[in-house]
Amino acid sequence: MGCFTCSGDGDTSVKKPQKKISQTSNHHYKRVDQPQPAKQDMPVASPFKVVKNEEAKIANRSPSRKDGGNSNIPPSDGKTGGAKAQRFKFDQLIAATEDFKEDYFLGEGGFGKVYKGHLVDTGETVAIKQLDPNGCQGVREFVVEVQTLSKADHPNLVKLIGCCAEGDQRLLVYEYMALGSLEDHLFDPWPNQKTLDWNIRMKIAAGAARGLEYLHEKMKPPIIYRDLKCSNILLGEGYNPKLSDFGLAKVGPSGDKTHVSTRVMGTYGYCAPDYAKTGQLTFKSDIYSFGVVLLEIITGRRAIDYTKSTAEQNLVSWARPLFKDRKKFYKMADPALDGHYPIRSLYQALAIAAMCVQELPNMRPPIVDIVSALNYLASLNYDPEIEPPIRKSYKSQSPQKSITMQKAGNGYANDTTELED
C-alpha cells in the first residue's frame with residue numbers, strides 16, 4: 001500500500017498498528033492488524049457513475065506534478081469476466097463493519113484503514129478499504145484502482161467487489177483473504193503459524209509472477225504495477241497468491257516509446273535503481289521489484305532491515321557478492337527452512353533472482369521467461385521426508401538439467417557442487 005518516494009528512509013508505506021490477536025469461532029487464532037485483506041484475486045469492476053464523475057474532475061485539472069503530467073489508466077468498459085462490480089452506499093458499509101468497529105480493523109496503509117466486513121444482503125465476508133483524506137494517496141489513486149481492476153480478470157490478481165463514492169467518502173470493497181499477506185508469513189507470523197515450506201514458497205513466487213505477466217502482457221493497454229512487494233501479495237486458500245493495491249499503477253510505454261516519465265513512487269528497497277535515479281518507468285522496473293520479492297521468499301530477509309549490520313541492511317546489496325560464488329548459495333537459504341529445500345532448486349531460484357535485480361534494466365529477463373522458470377520450480381515437489389536436509393556441506397549426486405529460462409540458469413544445477421565455508 002505504498003505511495004512514498006523510493007528515495008525515502010525505510011519502508012514507511014505500511015503503518016502497522018499495535019498487534020492484536022483475536023480468537024475465531026473455529027479456535028484458530030487470526031491477527032487483526034494486517035493490511036492483508038485489503039485486496040484479493042480476480043479483478044472485477046465496472047464504471048460506477050460516481051467514479052466517472054471523479055474521473056471528469058481529475059481530467060479537468062492541470063497535469064499533476066506527481067504523475068509528471070501523464071495519464072493513468074484509461075476508462076474501461078466496466079466488464080470483467082462477465083461480472084460487474086457493485087456500487088455500495090456508505091450506510092451498507094457502516095452496517096458491514098458495525099460502524100467500523102475496532103475489532104474489525106485489519107491494518108493501515110498509504111490509502112487508509114482496512115476493515116473486515118460482512119455484507120448484510122449476501123452474508124459475504126469482505127475487506128473494506130477506507131480512504132484517509134489526510135493520507136498520502138487520494139482520489140486519483142482511488143480512480144486508478146477501480147479502473148485497473150475493472151479491466152482485469154486473473155486468478156492471481158485481487159478481486160474488486162465494488163466501491164463507494166458518497167460525499168467525501170471513498171471506499172473499496174474486496175473479497176476477504178483469510179491467510180493475510182506474504183509479509184505476515186515470512187516476517188511476522190501469527191501465533192503457532194508454521195514456516196512456509198519450500199514448495200509453498202515456489203508456488204507463491206510462480207503465482208505472483210503470473211499475475212505480473214498478466215499486467216505486462218495480457219492487459220490492453222499493458223500496466224506497470226510499480227508497487228510490487230510482500231505486503232501487496234495476499235494469500236488465499238491453498239496459499240494462492242494475488243497481487244493487490246494498484247493505486248500507483250501506470251499505463252506502460254507503447255509504440256516507439258521506451259519508458260514513461262513520472263515522479264518516482266514506490267517503496268524503498270523494492271524500487272529499481274534506474275527508475276529511482278531518472279524517473280523513467282519501464283516494465284523492467286517491475287522485474288527488479290519482483291527480484292527483490294523473490295529474494296525475500298528465498299532468504300526470509302526483508303528488503304530493508306535496519307536491525308542488521310550496515311553491510312546487511314539492504315537485501316540486494318548483501319546478496320550480490322554471494323551471487324558470485326555458488327559455494328555460498330546455501331548461506332542465502334532462509335534459516336527457518338532448517339535445511340529442508342532441494343539444493344538445485346535453490347540454485348535455480350537464486351539465478352532467477354540475480355538476473356531480476358541486475359542494475360542495468362536491459363539485462364533483466366522478460367516476465368514470460370520468469371514465469372516459465374518459476375512454473376517449472378513450482379512443479380517439482382520436494383519431499384523433506386525423503387530428501388535429507390541441507391546442512392553446512394552438501395555434494396550433489398544426480399545432476400539434472402538446468403532451468404529452461406533464457407539466460408537464467410547459467411548451468412547452476414548441472415555440475416557436482418561442494419558447499420562449504
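Heavy-atom basis, side chains included; hydrogens, waters and symmetry copies ignored.
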Non-hydrogen atoms of [X] and [Y] that approach each other most closely:
X	Y	answer
Cys356	Ile370	SG-CD1, 3.5 Å
Gly211	Leu243	C-CD1, 3.7 Å
Ala209	Val371	O-CG2, 3.5 Å
Thr97	Lys116	CG2-O, 3.7 Å

Side chain proximity check, [X] to [Y], heavy atoms < 4.5 angstrom:
X	Y	value
Leu186	Cys230	yes
Ile223	Lys250	no
Arg302	Glu183	yes

Distance flag, aromatic centroids of Phe246 and Tyr225, threshold under 6.0 Å: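 Yes, the ring centres sit under 6.0 Å apart.
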Please tell me whether Glu124 and His118 have a donor and an acceptor in their side chains that are separated by less than 3.5 angstrom.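 Side-chain D/A pair, Glu124 to His118: absent.
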Donor-acceptor pair between Thr267 and Asp227 side chains, under 3.5 angstrom: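 Yes, Asp227 and Thr267 have a side-chain donor paired with an acceptor closer than 3.5 Å.
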Evaluate the ring planes of His185 and Tyr239, with Trp represented by its six-membered ring, and classify them as parallel (under 30°), tilted (30 to 60°) or perpendicular (over 60°).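 Because their plane-to-plane angle is over 60°, the rings of His185 and Tyr239 count as perpendicular.
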Which class fits the ring pair His154 and Tyr214: parallel under 30°, tilted 30 to 60°, perpendicular over 60°?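 Tilted, since the angle between the ring planes falls between 30° and 60°.
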Pair Glu359 + Arg364, salt bridge at N-O below 4.0 Å: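 Looking at Glu359 and Arg364, the cut-off is not met.
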Is a salt bridge present between Asp334 and Arg301, judged by a nitrogen-to-oxygen distance below 4.0 Å?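 Not counted as a salt bridge, because no side-chain N and carboxylate O are separated by less than 4.0 Å.
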After noting the C-alpha distance and the side-chain angles of Arg226 and Tyr275, does the key distance pass the side-chain hydrogen bond (donor to acceptor under 3.5 Å, both in side chains) rule? CA-CA 10 Å; Arg226 202 163 54 149; Tyr275 170 48; 3.1 Å; yes
Aromatic Tyr115 / basic Lys101 pairing, under 6.0 angstrom, 45° off normal: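 No, Lys101 does not lie over the aromatic ring of Tyr115.
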